[in-house]
Every structure is written in C-alpha cells, then in structure tokens.
A.B. asks: 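My questions all concern the structure below.
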Amino acid sequence: MTHGGVTAVVLDIEGTTGSLTHVQDVLFPYARPRIAGWVAVLRGGPEHAELLDAVRAETGEPGLDEAGAVAALEGWADTDTKAAPLKAVQGGIWAGGYREGVLHGHVYPDVPPALRRWRAAGVTAHVYSSGSAAAQRDWFRHSDLGDLSGLLHGHFDLENAGPKREPDSYRAITAALAVPARATVFLSDVAGELDAAAAAGWRTLGVRRPDDPRGADIEGHRTISTFEGLDLSASPAPAAAGDRTADPATEAFPA
C-alpha cells in the first residue's frame, strides 16, 4: 500500500522531529565533560583501538595517542563538528544517561500521530541524522512522549550513509531501502540537506518549527511548521525523466 505514491519517509531529528535547542542545551553539555572518562573506560579493549583508529583516520594523524584523540574529540565537540568518531562517543555517553533516566529525547507532540498515520497507510518511516544510529534509537526509545521506536523502520547516519549535504548519501539510502527515489520523501530544517536529497531524486519538504530563529521558510522547498494534518497523498511524483533531477520547488508536497 502506498500513500500518494510515497512508500518511505526519511526524517531529520534536530529542528524537525525534535527541538534543536534540546541538543545544544541538554545533550551536548551532558556529553562534553564525560568524553575523556568515556575513552578511558574503553582502554585495553577492542572498542578503544577502533575509536583511536577512527580518530586517526578523521584527523589524518596516524600516530595519534589516546590523549591526542581525546583532544581531537573535545575540539570537535566544542565546534559541533560532524565527525563520525565524535558522534559515536556522544551516542555512547548519552546511552548511559538514557538508561539512568537522566536524559530524554525531545519529540514534538505532532510527530507520534504522524508516524502512526504513515504506518497505517503502509509508509515506512526512517531517520537520517548526523548523530549515530544508536543515539537516534535511544532518542526515540526514551522520548519525553514514551517509547516511539516501534514506529520507525530504520536509522541512517554518517557511518552507514554519509554526509547529509552530499547527494550520494541519499542515493546510498535509496539503495538500502530498495525504494525508488521518487517514492521517498525527506523532511529537514536545513536547506543544504534538502538540496542534496532533491539532487538524488527524492521529494523534499522543509520544516521550520514556530520557535526556529531562522525564519518560517526554506528557500527552494515548500516549508511546514507542523506535521499535523500533513497528507502525503497530496504529494505529486517527481518527473519520470530522472530521479536525480527533480525540482525541489515543484516536487515538494503541501501541508
């Protein structure tokens, strides 16, 4: 069963399904002072060696020791660099906070009903975020609105898909989902990400929540402020001539 030709929805988290300030004001400050301790706990095990190798590869410094790796991770955290090793460490630290009940993922109240509507319509919902897939699962499993993990079908991140502003990342997700690009919709609050998805032939929809200081519209993409009343059946299919050349101004669907 499809919903207006759409069979898969891929969702960003920060600024789209959850508050951007929650990440900046709660999650990042929780993880930052715990990075060195987290790396030390791994010392002597395979995860420690894998992490150091990943940091060395990211920095281009093959001789980096643990102290240097920690310094790199902390530096990336301070500048919010989208580095896969940092995202993995943050996800591991946050997992402990979720287990202890100290942390909860923020989800806007209009999101769970939308996920349930799409599920009932046969549309699969997936998440694509810079945060690690493990961190994404924890966010929705321990959300402030309860466990929503059962409403999601998959998670994509920098490791298994690639950078969010690169069209090839969306093509990789298309291959993983085995769903045509023209039948996939991406919802995000970032123009560069939407542009990349559109270049890969996806349908796109911009999301700007009412409290977003960047304004209500995303240039080149139809933009909504809530998932409430969102009807995927109103989404026109991209031009059949090519999944990679869909015009985001005409292929996005209305609220």
A.B. asks: Should T184 and V10 be marked as a side-chain contact (heavy atoms from CB on, under 4.5 Å) after you check the CA-CA gap, both sets of side-chain angles, and the distance that decides it?
C.D. replies: CA-CA 7 Å; T184 307; V10 180; 3.9 Å; yes

A.B. asks: Considering all heavy atoms of both residues, which atom of A199 and which atom of P167 are nearest to each other, and what is their separation?
C.D. replies: CB-CG, 3.8 Å

A.B. asks: List the residues meeting salt bridge (charged side-chain N to carboxylate O under 4.0 Å, His left out) with R56, not counting sequence neighbours, and say none if there are none.
C.D. replies: D53

A.B. asks: How many angstroms lie between CG in L103 and NE2 in H22, if you round to the nearest 0.5 Å?
C.D. replies: 7.0 Å

A.B. asks: Residues two or more places apart in sequence or in another chain: which of them pass side chain to side chain donor-acceptor pair (under 3.5 Å) with S19?
C.D. replies: T21

A.B. asks: Tell me which pairs pass side chain to side chain donor-acceptor pair (under 3.5 Å) where either residue lies in residues 75-84, with sequence neighbours left out.
C.D. replies: R32-D78, T79-T81, D80-K82

A.B. asks: Given side-chain contact (heavy atoms from CB on, under 4.5 Å), test T223 with V207 step by step and report yes or no.
C.D. replies: CA-CA 5 Å; T223 310; V207 181; 5.8 Å; no

A.B. asks: Sub-3.5 Å donor-acceptor pair from the side chain of D217 to the main-chain atoms of E219, do we have one?
C.D. replies: no

A.B. asks: Evaluate the ring planes of H155 and F140, with Trp represented by its six-membered ring, and classify them as parallel (under 30°), tilted (30 to 60°) or perpendicular (over 60°).
C.D. replies: tilted

A.B. asks: Which heavy atom of S132 sits nearest a heavy atom of G91, and at what distance?
C.D. replies: OG-CA, 4.0 Å

A.B. asks: Given the rule that I, L, V, M, F, W and Y join up when any side-chain heavy atoms are under 4.5 Å apart, are V190 and F227 in one cluster?
C.D. replies: no

A.B. asks: To the closest 0.5 Å, what do you measure between CD1 (I224) and CG (L205)?
C.D. replies: 4.5 Å

A.B. asks: By the salt bridge (Lys or Arg N to Asp or Glu O under 4.0 Å) test, which pairs, at least two apart or in different chains, include something from residues 5-23?
C.D. replies: D12-K164

A.B. asks: Short question: side chain of W94, backbone of A135 - any donor-acceptor pair under 3.5 Å?
C.D. replies: no

A.B. asks: We want to know whether T17 and W139 form a side-chain donor-acceptor pair, criterion being a heavy-atom distance below 3.5 angstrom.
C.D. replies: no

A.B. asks: Let's go through L145 and Y108 carefully: what are the C-alpha distance in whole Å and the side-chain angles of both, what is the deciding distance for side-chain contact (heavy atoms from CB on, under 4.5 Å) to 0.1 Å, and is it a yes or a no?
C.D. replies: CA-CA 9 Å; L145 299 179; Y108 288 108; over 6 Å; no

A.B. asks: Report whether I93 and L51 are members of the same hydrophobic cluster (ILVMFWY, side-chain heavy atoms less than 4.5 Å apart, transitive linking).
C.D. replies: yes

A.B. asks: How close do K87 and S130 get, counting heavy atoms only, and between which atoms?
C.D. replies: CG-O, 3.2 Å

A.B. asks: Does anything in residues 37-47 pair up under salt bridge (Lys or Arg N to Asp or Glu O under 4.0 Å), and if so which pairs, sequence neighbours excluded?
C.D. replies: R43-E66

A.B. asks: Using the rule that Ile, Leu, Val, Met, Phe, Trp and Tyr join whenever any side-chain heavy atoms are under 4.5 Å apart, tell me whether V23 and V127 fall into a single cluster.
C.D. replies: yes

A.B. asks: Hey, what do you get for CZ (R203) to NE2 (H221), rounding to the nearest 0.5 Å?
C.D. replies: 15.5 Å

A.B. asks: Among pairs that include at least one residue of residues 28-54, which meet ring-ring contact (aromatic ring centres under 6.0 Å, His included), considering only residues two or more places apart or in two chains?
C.D. replies: none

A.B. asks: Go through the structure and list residues passing side chain to side chain donor-acceptor pair (under 3.5 Å) with H126, not counting sequence neighbours.
C.D. replies: T124

A.B. asks: Hydrophobic cluster membership, with links at side-chain heavy-atom distances under 4.5 Å among I/L/V/M/F/W/Y: are V123 and L151 in one?
C.D. replies: yes

A.B. asks: Which pair of non-hydrogen atoms, one from I35 and one from A77, has the smallest distance, and what is that distance?
C.D. replies: CD1-CB, 4.0 Å

A.B. asks: Do I173 and Y128 make a side-chain contact, defined as non-hydrogen atoms from C-beta onward lying under 4.5 Å apart?
C.D. replies: yes

A.B. asks: Taking only Lys NZ, Arg NE, NH1 and NH2, and the carboxylate oxygens of Asp or Glu, determine whether R214 and D189 approach each other closer than 4.0 Å.
C.D. replies: yes

A.B. asks: Could you list all the salt bridge (Lys or Arg N to Asp or Glu O under 4.0 Å) pairs where at least one residue sits in residues 139-155, not counting sequence neighbours?
C.D. replies: D138-R141

A.B. asks: Is there a side-chain contact between W118 and T7 (heavy atoms, below 4.5 Å)?
C.D. replies: no

A.B. asks: Quick check against the 3.5 Å criterion: does S169 have a side-chain atom that pairs as donor or acceptor with the backbone of P163?
C.D. replies: yes

A.B. asks: After noting the C-alpha distance and the side-chain angles of R208 and I218, does the key distance pass the side-chain contact (heavy atoms from CB on, under 4.5 Å) rule?
C.D. replies: CA-CA 8 Å; R208 282 290 168 84; I218 299 176; 3.7 Å; yes

A.B. asks: When F186 is tested against each of L194, T16, V9, L11 for side-chain contact (heavy atoms from CB on, under 4.5 Å), which residue passes?
C.D. replies: L194

A.B. asks: Taking side chain to side chain donor-acceptor pair (under 3.5 Å) as the test, write out the residues that go with T59, two or more places apart.
C.D. replies: none

A.B. asks: Holding to side chain to side chain contact (heavy atoms under 4.5 Å, CB included), I want the full list of residues that pass it with A176, two or more places apart in sequence or in another chain.
C.D. replies: F156

A.B. asks: When you compare the side chains of Q136 and S129, does any donor N or O come within less than 3.5 Å of an acceptor on the partner?
C.D. replies: no

A.B. asks: Please collect all salt bridge (Lys or Arg N to Asp or Glu O under 4.0 Å) contacts where either partner lies in residues 89-112, sequence neighbours excluded, each pair once.
C.D. replies: D110-R209

A.B. asks: If I compare all heavy atoms of P112 with all of V107, which pair ends up nearest, and what's the gap?
C.D. replies: CD-CG1, 4.0 Å

A.B. asks: Tell me whether L52 shares a hydrophobic cluster with V41, the cluster being built from Ile, Leu, Val, Met, Phe, Trp, Tyr side chains joined at under 4.5 Å.
C.D. replies: no

A.B. asks: Under the rule for side chain to side chain donor-acceptor pair (under 3.5 Å), what residues qualify as partners of D25, not counting sequence neighbours?
C.D. replies: none

A.B. asks: To check you understand the geometry: which heavy-atom pair defines the closest contact between A72 and V55, and what is its length?
C.D. replies: CB-CG1, 3.9 Å

